[in-house]
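Notes follow once the structure below has been shown.
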2 protein chains.
Amino acid sequence: MDSSIFQHLHQAACEQVCSHCNLREICLPLGLNRAELERIDKRLVAVRRRVTRGETLFRRGERFRSLFAVWMGFFKTCVPASDGRDQVTGFQMAGELIGMDGIGHGVHQAQAVALENSQVCVIPFDELETLSREIPSLQAQFHKAMSREIVRKERVMLLLGSRNADERLAAFLLNLSHRLRARGFSGSSVVLRMTREEIGSFLGLSLETVSRTFSKFQADGLLTVRTRQIRLTDTEGLQRVVDGLPA
Amino acid sequence: MDSSIFQHLHQAACEQVCSHCNLREICLPLGLNRAELERIDKRLVAVRRRVTRGETLFRRGERFRSLFAVWMGFFKTCVPASDGRDQVTGFQMAGELIGMDGIGHGVHQAQAVALENSQVCVIPFDELETLSREIPSLQAQFHKAMSREIVRKERVMLLLGSRNADERLAAFLLNLSHRLRARGFSGSSVVLRMTREEIGSFLGLSLETVSRTFSKFQADGLLTVRTRQIRLTDTEGLQRVVDGLPA
DNA sequence: CGCGAACTTGAGGCGTGTCAACCCCTGTGG
DNA sequence: CCACAGGGGTTGACACGCCTCAAGTTCGCG
């Protein structure tokens, strides 16, 4: 176990100031000028919190107090389905917000679990509302973030409502790839942070179907699979699958 | 055609002031005190707009400027699916907001169509942001509205991802019933404003499956159907269907 | 009253879930 | 160092729920 001194040093080292964070262009403070950034430093983000792999960030039913911005790592959000098991409602990576489901009733409607060792910036919600009354560009950015979340959910609805297994998985992989590319990663080499079962739960498919579809895509030369290590070799082909066109 | 004088009188009669609107307890101004209500009168809602049955409120790709609150009537929102036909993403009734999908990119991502003769309150978005910087309770209410929209979409995702046709349609009917009851209607007598095809599109089912499931529910004594006129005779039984329990 | 749209019902086929067996990898303990 | 256990992943066989196609009926509007 680390000594408390070491812990303190570390806290100081990765101090939570948005103005120097390299995620500021894809996170909530996007579009703020320098003065505004410095104004929210130390106010928007109270603390940064570590969440180890498998640990729960918040549970369904817990009182909602803060939003969380993923600073590093990877999360899933899920809600209990009728049969007792969890259904995954989304995956979040660096720069993405978690917890917006809790605003409506002051209680978290979902559970968030880290899929790898992660860190999140804790954004007390009352402070966010106060600051966004003072800083219009922060207000605008927050509203855009919520709106985009609505559009994302809507897209998944479409996926689940009218696409077959191939189309769903292809869309899922391309979406992951785009988000990784936007964060400076290659996009063609994807390391899955989640199990086949979690992918299936998110896409409304059984884990066997997910596995079979991976194998099929590999046989069709669209990608190569080695368990969690995926290499997308033909993204245009995957896009054709999404569009429902013949291979 | 009405004379212009009559039209003017009518406009004056149903003047768009939130403080006297009988929907204020289920619409955006919920939770505002009298002073705040009077402060937003004439500012939050610029005009009220009539939309006749079948008419489009806004189209996908149109510039986003305003949110719309349904004042009376019934709407569907939909987005073009890959095969050219539309996929329905939601149904909206009195007191519900339409257009939040457009905030994120300044462009409407969906299309909204009236399913009966309707009227909507036009809420210019820049004015809403200005007012919600001045009136914290309005800000809070708007944030809650967006959050609840996210949760609603999430629930539909679950429905589409892990429930069969019976469970989907039962959940849909109970949801409609709850929303009608919250607006002072009976809740057990439901007049569907949409076709079987639109229900199916929303629930990820074919119109034939929707029709068959209605017939099945009727045979099971859960409701009686006469095309668009539905009478829910056993809501507890429908709830058991939703929960996946045996009939 | 007549036409087209909406709805119902049936027959058949396909995609995906379920069940089951097996493999691979990793970590653990003897 | 090996044996073992357990979780994750792959693959096959089979069943079944829902889609598709098709025919016929009812409804609603001009």
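Residue numbers start from 1 in every chain, and the chains themselves are labelled A, B, ... in the order their sequence lines are given, proteins ahead of strands. Only a predicted model underlies this, so the values are computations on that prediction, with no experimental measurement involved.
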Checklist entry - Atom CG of B:Leu207 to atom P of C:dT9: distance rounded to whole Å? => result 13 Å
Item to check | CZ (B:Arg53) with more than 12 external heavy atoms under 6.0 Å | outcome: no
Checklist entry - Would you call the rings of B:His108 and B:Phe64 parallel, tilted or perpendicular if under 30° counts as parallel and over 60° as perpendicular? => result perpendicular
Checklist entry - Is there a donor-acceptor pair under 3.5 Å between the side chain of A:Gln218 and the backbone N or O of A:Ser215? => result no
Next on the checklist: Once hydrogens and angles are ignored, does a donor-acceptor distance under 3.5 Å link the base of D:dC21 to the side chain of B:Glu208?
Outcome noted: yes
Checklist entry - Which part of the nucleic acid, if any, lies within contact of B:Thr227, taking any heavy atom under 4.0 Å across all strands shown: a base, the sugar-phosphate backbone alone, or nothing? => result sugar-phosphate
Next on the checklist: Can you measure B:Gln218 atom CD to C:dT9 atom P for me and round it to whole angstrom units?
Outcome noted: 8 Å
Checklist entry - Do the side-chain N or O atoms of A:Thr209 get closer than 4.0 angstrom to the phosphate oxygens (OP1, OP2) of C:dG17? => result yes
Next on the checklist: Ignoring hydrogens and geometry beyond distance, is the side chain of A:Arg228 in donor-acceptor contact with the base of D:dG9 at under 3.5 Å?
Outcome noted: no
Item to check | Side-chain N or O of A:Thr195 closer than 4.0 Å to phosphate OP1/OP2 of D:dG7 | outcome: no
Next on the checklist: Between A:Thr209 (side chain only) and A:Leu207 (backbone N and O only), is there a donor and an acceptor less than 3.5 Å apart?
Outcome noted: no
Checklist entry - Has the side chain of A:Arg226 got a donor or acceptor atom sitting under 3.5 Å from an opposite partner on the base of D:dT10? => result no
Next on the checklist: Is there a side-chain contact between A:Ser215 and the phosphate of D:dT11, meaning an N or O under 4.0 Å from OP1 or OP2?
Outcome noted: yes
Checklist entry - For DNA chain C, whose closest nucleotide is more 5', that of A:Gly204 or that of B:Ser211? => result B:Ser211
Checklist entry - Less than 3.5 Å between a donor and an acceptor, one on the side chain of A:Arg212 and one on the base of C:dG17, is that the case here? => result no
Next on the checklist: Does A:Gly200 reach a base, just sugar-phosphate, or nothing at all? Heavy atoms under 4.0 Å.
Outcome noted: nothing
Item to check | Side-chain N,O (A:Arg196) to OP1/OP2 (D:dT10) below 4.0 Å | outcome: yes
